[in-house]
Amino acid sequence: MFPTFKIENILNSEKQLELFGIISSDSNDGEKWVEDKRVGSIVIDDSVIFGRWHEQNNKWKFVVDLDDISKANFFVGQKVELVSFYWGERVELVIDKSIKCKKAIYTATDKN
């Protein structure tokens, strides 16, 4: 199971969406997943939400990327899974069920 982030407060302004809460762990399998001012992502339903972590008095703030604000509904008490920043946008290929892969046959264009 991945570490989780429990949302305790939400601050929504015209410029940004900030989620405040507690994480169950900042690491998974010996690797640090959450650090102050580091990019990160959380999973809500089948959507990956990208943003940046900020530590605040032993709690955490996750500032959601502007492009991702409308991807999900956020609410106080919600518990979401964390995903390692290392995976980046590639994690969407696994998590986002709306992404469909098509099989393609590669044909070389050179004569070697």
Side-chain angles (χ1 to χ4, degrees):
M1 180 123 203
F2 292 150
T4 58
F5 176 60
K6 184 176 180 184
I7 300 171
E8 295 183 328
N9 195 12
I10 299 171
L11 181 59
N12 192 358
S13 68
E14 289 182 24
K15 295 183 181 181
Q16 64 186 14
L17 175 65
E18 300 172 320
L19 309 175
F20 298 87
I22 299 172
I23 57 172
S24 62
S25 175
D26 64 0
S27 304
N28 189 44
D29 199 27
E31 291 186 37
K32 199 86 154 160
W33 279 19
V34 177
E35 290 186 66
D36 191 33
K37 299 183 179 112
R38 180 179 263 184
V39 295
S41 49
I42 57 177
V43 176
I44 298 178
D45 299 321
D46 291 334
S47 295
V48 181
I49 312 298
F50 296 96
R52 186 170 299 274
W53 292 105
H54 299 275
E55 189 171 14
Q56 295 190 320
N57 302 324
N58 295 326
K59 291 191 177 187
W60 290 91
K61 173 173 72 171
F62 186 75
V63 180
V64 177
D65 284 354
L66 291 175
D67 294 340
D68 289 354
I69 289 175
S70 63
K71 276 185 163 180
N73 292 319
F74 306 95
F75 57 89
V76 172
Q78 188 174 26
K79 197 180 260 190
V80 298
E81 288 185 322
L82 308 182
V83 180
S84 172
F85 74 95
Y86 176 77
W87 295 348
E89 292 177 346
R90 297 172 297 211
V91 73
E92 288 182 301
L93 297 174
V94 177
I95 302 293
D96 190 337
K97 304 270 190 277
S98 69
I99 295 175
K100 305 291 181 205
C101 295
K102 293 181 184 177
K103 199 176 216 179
I105 298 174
Y106 174 74
T107 306
T109 56
D110 59 353
K111 300 285 183 186
N112 293 338

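Positions are given from 1 along the sequence.
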- State, with a plain yes or no, whether a side-chain heavy atom of Leu19 is found less than 4.5 Å away from one of Gln78. no
Problem - Ile49 with Val63, same ILVMFWY side-chain cluster at under 4.5 Å - result: no
If hydrophobic clusters are built by linking Ile, Leu, Val, Met, Phe, Trp and Tyr wherever their side-chain heavy atoms come under 4.5 Å apart, do Phe74 and Leu66 end up in the same one?
yes
Joint hydrophobic cluster, Phe62 plus Ile22, side-chain heavy atoms closer than 4.5 Å:
no
Check your understanding: Would you say Lys37 and His54 make side-chain contact, with heavy atoms under 4.5 Å?
Key -> yes
Lys79 meets the side-chain hydrogen bond (donor to acceptor under 3.5 Å, both in side chains) criterion, sequence neighbours left out, with none
Should Pro3 and Ile23 count as side-chain neighbours, where that means a heavy-atom distance under 4.5 Å? no
Tightest non-hydrogen contact, residues Gly77 and Lys6, listed as O-CE, 4.1 Å
One should read off an interatomic distance between Ile7 CD1 and Phe75 CZ, to the nearest 0.5 angstrom, of 7.5 Å
Note: with side-chain heavy atoms under 4.5 Å as the link, the other cluster members for Leu11 come out as Phe20
Applying side-chain contact (heavy atoms from CB on, under 4.5 Å) to Ala104 and not counting sequence neighbours gives none
Should the ring pair Trp53 and Trp60 be called parallel, tilted or perpendicular, given that the plane angle runs from 0 to 90° and is split at 30 and 60? perpendicular
Minimal heavy-atom distance between Val43 and Val80, with the atoms involved, is O-CB, 3.4 Å
Rounding to 0.5 Å, atoms CG (Leu82) and OG (Ser24) come to a distance of 6.5 Å
Rounded to the nearest 0.5 angstrom, the CD1-CZ distance for Ile42 and Phe2 is 14.0 Å
Nearest heavy-atom contact between Lys59 and Gly21 is CB-O, 3.5 Å
For Tyr106, the hydrophobic cluster (side chain heavy atoms closer than 4.5 Å, chained through members) also holds none
For Glu18, the side-chain hydrogen bond (donor to acceptor under 3.5 Å, both in side chains) test, sequence neighbours excluded, returns Gln16, Lys61
So CZ of Phe50 and CG of Asp68: to nearest 0.5 Å the spacing works out to 6.5 Å
Salt bridge (charged side-chain N to carboxylate O under 4.0 Å, His left out) filter on Glu55, not counting sequence neighbours, yields none
Looking only at heavy atoms, the pair that brings Asp65 and Gly51 closest together is OD1-CA, 3.4 Å
